[in-house]
Amino acid sequence: MTAETLDSRRRGIFESFLDSKFYRRLSRNFIYRYVIYPVGQMLLFVALAAAVLTLVAYGIAILFPEPRPNIVLADQISKQLPGMIISGVSIGFVYAMIALGYTLVYGVLKFINFAHSELFMLGAVASFFFLSVLNTAGLLTDVHPVLLIIVMVLLSGAFTGLIGVLVERIAYKPLRGAPRLVPLITAIGVSFVLIDLTRIFAAVTINDFNLTLPTREIPALAAPVPFQFGSTTVNVRVSSIIIVVAAVIMLLFLNYFVNGTRSGRAIRAISQDATTAGLMGINVNLMISLTFLIGGAFGGFAGSLYSLNVGTINPYIGFFPGLKAFTAAVLGGIGNVTGALLGGLFIGMTESFLNGTLVYFPALGQRYTDVFTFGVLIAVLIFRPQGLLGERVDEKV
Amino acid sequence: MKTARLVTLAGSAALALALSASLVGAQDSQVIKIASQSPLSGPQSVLGIAIRNGVELAIEQNSQALNDLGFTVEFVPYDDQATAEVGVANAQQIVADPAILGLTGHLNSGVAIPSSEVYNENNLVMVSPANTNPLITDRGYPTVNRICGRDDLQGPTGAVIAANDLGVTSVYILHDTTAYGQGLADYFRAEAATLGLTELGFEGTAEAANFDGIIQPILALNPDLVFFGGIYSQTGVFISQARAAGYTGLFMGGDGFDSSEFAELAGDAGVGTYYTTVAGPASVYPNAAQFIEDYNEAFGEDPQPFAAQAYDSTVIILNGIAAAATEAGGLPTREAVAAAVRATENYEGLTGTITFDDNGDPETAVYFAVEVVSADPAEWSNNTIVASAVLPSPLFALQQAEATPSS
Amino acid sequence: MAPILEVKNLSKSFGGIRAVRDVSISIERGSMSSIIGPNGAGKTTLFNLLTGIYKADTGEILFDGKNLVGKRPDQVNAAGVARTFQNIRLFHNMSVLENVMVGAHSRLKVSLWRTLFHVGGFNEQEVAVREKALNLLKFVGLAGKGDELSRNLPYGDQRRVEIARALASDPKLILFDEPTAGMNPNETQDAIGLFRRVREELGVTVVLIEHDMRVVMNISEHIDVLDYGAKIAEGTPDEIRANPRVIEAYLGRRHSKVDESANPEVA
Amino acid sequence: MTTLTALSPQPQPQGWREIIRRPGPALALLIAYIAFTTMALFGLDRTALWYPLMQIIFVPMFMFAPFLVVSAPIKTIYKVILGGVLLLLLMPLLGIYNPSWLGLAIQICVFTGLALGLNIVVGFAGLLDLGYVAFFAVGAYAWGSLTSPAGTIFTVNGWSVSPGAFYVFLIIGAAAAALVGILLGLPVLRLRGDYLAIVTLGFGEMIRVLARNADAPINFTNGAQGLHGIASPPVPGFVISFTASIGNTLGFRMENPNAVAQQLSFYVIGIIIIALIVIICRRLIDSPIGRAWTAIREDEVAALAMGVPLVKSKLMAFAMGAAFGGAIGVLYASKQTFIDPDSFQLLSSITILAMVIVGGIGSIKGVMVGAMLITLLNLSMLTNLSLQINSLKNADAVIPIVNFHFSDWPSELEPAKYGRLLFGLILVLMMIFRPAGLLPEKRRKLELTERREEVDEEPMIRDTPSGVPQERS
């Protein structure tokens, strides 16, 4: 869009490339548009975040070579670097997937779905019940693990997607068009209700609060995979790899859905201008439900994958990942799907790096990680109020 | 319209009448109430409900002495929601009920401290099953007691065992940023420093699920032992993840680890973990096995941490009331009950033998270091004791030192 | 006498679109002038630049000898420039009187101390501002409607409230953005009378953005014409009427490469 | 000031409604109501089976009486007299009779103050603040760190202040919180509404993290251990003797008259603070500042163009709201004598917000009612509901016909466990059916309902199959 409105005199090499015949033909190619380009984008974001943070970390190491006696910061960072990047990427993808739910809903309804973090939690809880049922039936080890995880993630996503739609129909739809404060408060209420209902359900069915997934029964998930980086060996949990692979696949689907399908275009149209979209014959209600379905499903996917990674969950786990994912969405530019991805990865990586380096500063420590993360958010918002990739919306006067 | 309303009104009035009529008539005996306060809702409700259940079981099984004196004992559980406002508001309501003669609670020191101000102002005796914060009893209130250990004794015990019995030279200390966890970690840290252990890190984290980022520096520093001041629901998950990430050293914690659910959460990674506690495994206390059985029968689950302590606390209160009532020859005053509870001597409970000192701490408590032997929760009671130490409470130690001046 | 407003080489771009380019305008003190131009010519953007709602990329805005570039809208208002909006922007759930009282904000002494303790002439000021607002309502022909909610007024009256609200800040210059849009001929005639009285009775310099050529030609002493963000002509109504570039801009338009729908100025 | 006579024409009351609108009958009814609830509370039998239920009914009824007095169509002089009798005579008497009611009244004062403070930010200026509890914490820690024997940098160095400084600290706490509000507000108030919500939420959490960690290297807050033994203002001698003599004359049983006197003085301080806050709120809203806030809430750009300095006005709202939070924090800390970081959770911020919303955003009276109701719900009603079930259990009560034994009531269904569920449901239902709150502010009511009407007229649901607009790729 920018390319065609740019003044011809100001066109640079990049714009010329975007305008070239080669690129036009390339951009029409399905594989390029929906696989290579988005994957490239993700790789770029990961590499970018990793590079920036690594530089910052070594920069700090130069400033404070020995923050504590007998600790050479640069050495420690070198030792931890692969591990920090891997854990940052895996949690970053989880944040990104949750952030997508916030951002999609914000895009169409312009409101913060506070209850989204509870859909994430429900996805995790659904996965627990799915695996538990299989486990009690003794089927857990019979099914191929890959198939098992695919079914689990999809079922959890479907479940949370439906809950998302249900919540929208019951709690948000009657409020459409009301001032922003109203649905926000409702969402906070819904969040409480979902947490407590889950707690009651877990208490009544299995009489417990902490839900431990029977993943240890699955041999394929139990053993870590060792990776060799120079002299250091990093044990990567299988679940971390699953998170990254699954998240990439899901995000490719989402990208295809939003940019390549009629429904996706309809949703984008609504996010531009709901009234006009309605006049153009788009079924706005249906599309909003679809948005909640997809947003909710992504929350559920994230919750499901997360539960696989952490092993134990409870009805209250939604809050912090939800908050961080929301931060990620705002950081990337709320309403912007690519921004959510970038924001999620960036927050995940930042957190991982902060955890890995703050520990060497006795006056600070990891307990300040969240303070710093929020500090980054506030700093970004002050200098770029629309977020990293958000478009600046000048109000029409 | 109007008739409909009238009918509803009449109907509900009739129902209310019938309801009250069908109730058992006035009791002949005098009612004594025991209250409990613990979080029954919210994320900490597992532990809070365990406390509540322990009290209920204790009252059910140990009211006979009071019944013989002509009293009925009733139980009133309060939910403090783990927040100070609610705890204090409940406390005010509790002390306003003259029938309530004793209270078992709380779970959180942050709630117990302000609430116990109210109890103490109104002479109501409180016995805490779970508050290990030194401040609870250090205020020297005549009404405030506890049967659990103190962080300032438990933490150092862990450090001593780590240095002397486990041959550890470097430690990495974590805590859950709560008053309990951080307090424990602080005391462990101080003792570890005096014992010459190298401290590789001291960190607090409220994270409950994903410890990836926290584990990275631990892997890089590779300490001999990771000490975690926290509750099993957090630490069990941490240990499972740390092992999976390749940490090979030892784990240690405090009585917050002491739950069969720890085994479930940590899995195989939890085997070989050490924790310190004042309540040894059931094998040490023969009564405990019976308690576990009764508890299971009554509530359909294994007792969670603090259930047994709550049971003991309540029995101590019941005994105190019975003693005071016998002396008074009728309904005792709250002051008398408080004094009787404070005078508790050599009470043989599920979790140890208790004699209170003048501050309300157990005069001596046995601090055990226990090793987890199995990933099977059912095997939790078979955990082995690797070391134990009998430690006097600070006040008792002081008194003893004064009584026997060193020559 | 020096012009009250002098705009020199003002430019503003949005993304790739240059909404206002190199515009220079001079407004005589006490005059009544208009800015005209086809849809999307950059008129409203120009007003937004003048009032500080947008920040100019380059150029100068000299008002009464002071440079307004970089000033916030409230500072511009305090300096003596008031405006109305193309799409009426009243505070809908406030009463008509309160709307006008808000308009006087920059002329009030606002301090927490006075407000909390009702000292330092707080009460007198409140009485005075209320009196002033009532007078202004009388001036625009809305006497007795002060207690109505502004959202309940008919369209034409809402325009009047907006004018009264703008006047409440005692401006030296007032900018009307299409003030007669959507009015019937009778209402338009009344409005023209009101504009004249604003200038003559209150001595405020008036600048209009207008589409209705009869209005423009009827009341303007001076007209500036914008097209594609640039000024293409200026002069008296007669001169403008005869200017071939203006005629071309309005009638014989060449097709443009600029995508009008992408212009933020439209709508 | 300006009367909004044109707003919602009052429907003509009929029948008995009309009668109670007349001053005479209204006054009689009001006195009867107050007398009845007061007598009922004095007459409650603490050992009765239905005691908890009676508390659920009569305590809120009594607490609601002041609002009835204020809204009743009676002469101002009667309002003042009745209000004075209620707040300064009956409530203290009831409080001496049963100190737990006094405790509730103090908590209601605390939360009313907080809700009124947040109402300035959210209700008047329209800025959504999800971290309001941070200012509360600033006030509480300002007083706590200077008087607690826990060994903060101040008390260790002997800079502790005497308990008598409490009244000065009400102002210092307010000023400190206002300063923090300004420091936070300066960078973030330029942000759009949604962003402001998340930044303030994050800020609230950050304050808690800081409170938790500011025990090392320099101890300001004593970290997670919290500050205990925070000083309370000295109780004047006459309050103690008053309490004791009342107790003796009326034969109330008191465990500790000194403690009751202490509570009584907190109650009086609370009432005075609330009265001041209400006066300040009214003065603010009826002033150029208040009009500027309303204008900003309605249309930022128009307000700006009309000369309203946006950031300055917002900052003023932020600072005022924060100041109330800070002053109340001082009161809370000294009343509670113990604070720790967990006293200032996000949930508290949301609870305070819920009070504002449920009562009627922007409406001073509404917010006070909301604060009262939710405080009672949180601290008394839910607790008493479970106590009621518990006492029915203990008495082996049976519901006839269905033959339900209360002893069979599963412990999983204890009402206390569902506090948050209920809270959430209230928020959702309230927003759907009464978004402007229980006692809506007139202007806000219009704002909160207008857009819904507009939407109803919009053709949102289309029967035609979905068409897709031309894509510009």
Side-chain angles (χ1 to χ4, degrees), chain A residues 1 106 110-112 171 174-186 188-197 200 203-204 262-263 265-266 269 275-287 323 326-327 330 334 362-363 365 367-368 370-371 374 377-378 381-382 385 395 397, chain D residues 122 126 128 187-188 190-195 197-199 201-203 205-206 209-210 212-213 216-217 300-301 305 346 350 353-354 357 361 412 417-418 420-421 423-432 435 447-449 451-452 454-455 458-462 464-469 471-472:
Chain A
M1 218 162 54
Y106 189 88
K110 299 283 175 288
F111 103 94
I112 302 168
L175 305 172
R176 210 166 292 156
R180 289 178 176 193
L181 196 60
V182 173
L184 188 77
I185 305 291
T186 316
I188 293 173
V190 169
S191 168
F192 284 175
V193 171
L194 288 179
I195 290 178
D196 256 17
L197 286 180
I200 296 165
V204 170
R262 284 164 68 95
S263 306
R265 269 175 294 187
T275 317
T276 313
L279 293 173
M280 292 297 149
I282 293 172
N283 185 336
V284 174
N285 279 331
L286 186 70
M287 285 304 140
L323 186 61
F326 183 76
T327 309
V330 172
I334 194 155
R367 52 208 179 150
Y368 284 103
D370 291 346
V371 174
F374 259 108
L377 172 79
I378 293 175
L381 287 183
I382 287 166
E395 210 181 332
V397 179
Chain D
V122 180
L128 185 54
V188 305
R190 288 164 228 273
L191 300 178
R192 286 213 321 258
D194 314 315
Y195 290 142
I198 191 72
V199 169
L201 189 156
F203 174 71
E205 289 292 289
M206 268 159 71
V209 172
L210 285 177
R212 200 168 243 174
N213 296 317
E300 273 194 14
V301 173
L346 175 69
I350 289 175
L353 185 65
I357 308 274
I361 186 165
E412 279 309 324
K417 292 187 187 173
Y418 301 111
R420 286 192 203 185
L421 180 70
F423 190 50
L425 279 176
I426 289 174
L427 288 187
V428 174
L429 295 177
M430 201 71 199
M431 284 299 101
I432 294 177
E447 250 172 71
L448 290 165
T449 44
R451 267 152 262 201
R452 294 173 69 191
E454 280 169 24
V455 164
E458 247 172 53
M460 287 292 270
I461 304 163
R462 316 230 104 233
T464 49
S466 72
V468 177
E471 196 191 17
R472 299 184 306 182

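Each chain gets a letter, A, B and so on, in the order its sequence line appears, and its residues count up from 1.
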Using non-hydrogen atoms and a 4.5 Å limit, figure out which bit of A:Tyr106 sits close to chain D: side chain, backbone, both or neither. side chain

Any side-chain heavy-atom pair from A:Tyr368 and D:Asn213 closer than 4.5 angstrom? yes

Heavy-atom cut-off 4.5 Å, strictly under: side chain, backbone, both or neither for D:Leu425 against chain A? both

The test is side chain to side chain contact (heavy atoms under 4.5 Å, CB included); show your working for D:Ile350 and A:Phe192 and say whether it passes. CA-CA 11 Å; D:Ile350 289 175; A:Phe192 284 175; 4.1 Å; yes

With a 4.5 angstrom heavy-atom cut-off, which part of D:Leu201 approaches chain A: side chain, backbone, both or neither? side chain

Contact origin within A:Ile112 toward chain D - heavy atom pairs under 4.5 Å: side chain

For A:Leu194, which atoms come within 4.5 Å of any heavy atom of chain D: side chain, backbone, both, or neither? neither

For A:Ala171 and A:Thr186, which heavy atoms make the closest approach, and how far apart are they? O-CG2, 3.7 Å

Would you mind checking which part of D:Ile357 comes under 4.5 Å of any heavy atom in chain A, side chain (CB onward), backbone (N, CA, C, O), both or neither? side chain

Among the options A:Ile195, A:Ile185, A:Leu197, pick out the one with the most heavy-atom pairs lying under 4.5 Å from chain D. A:Ile185

Heavy-atom contact with chain A under 4.5 Å, split by part of D:Leu429: neither

If one checks every heavy atom of D:Val428 against chain A at 4.5 Å, the contacting part turns out to be both

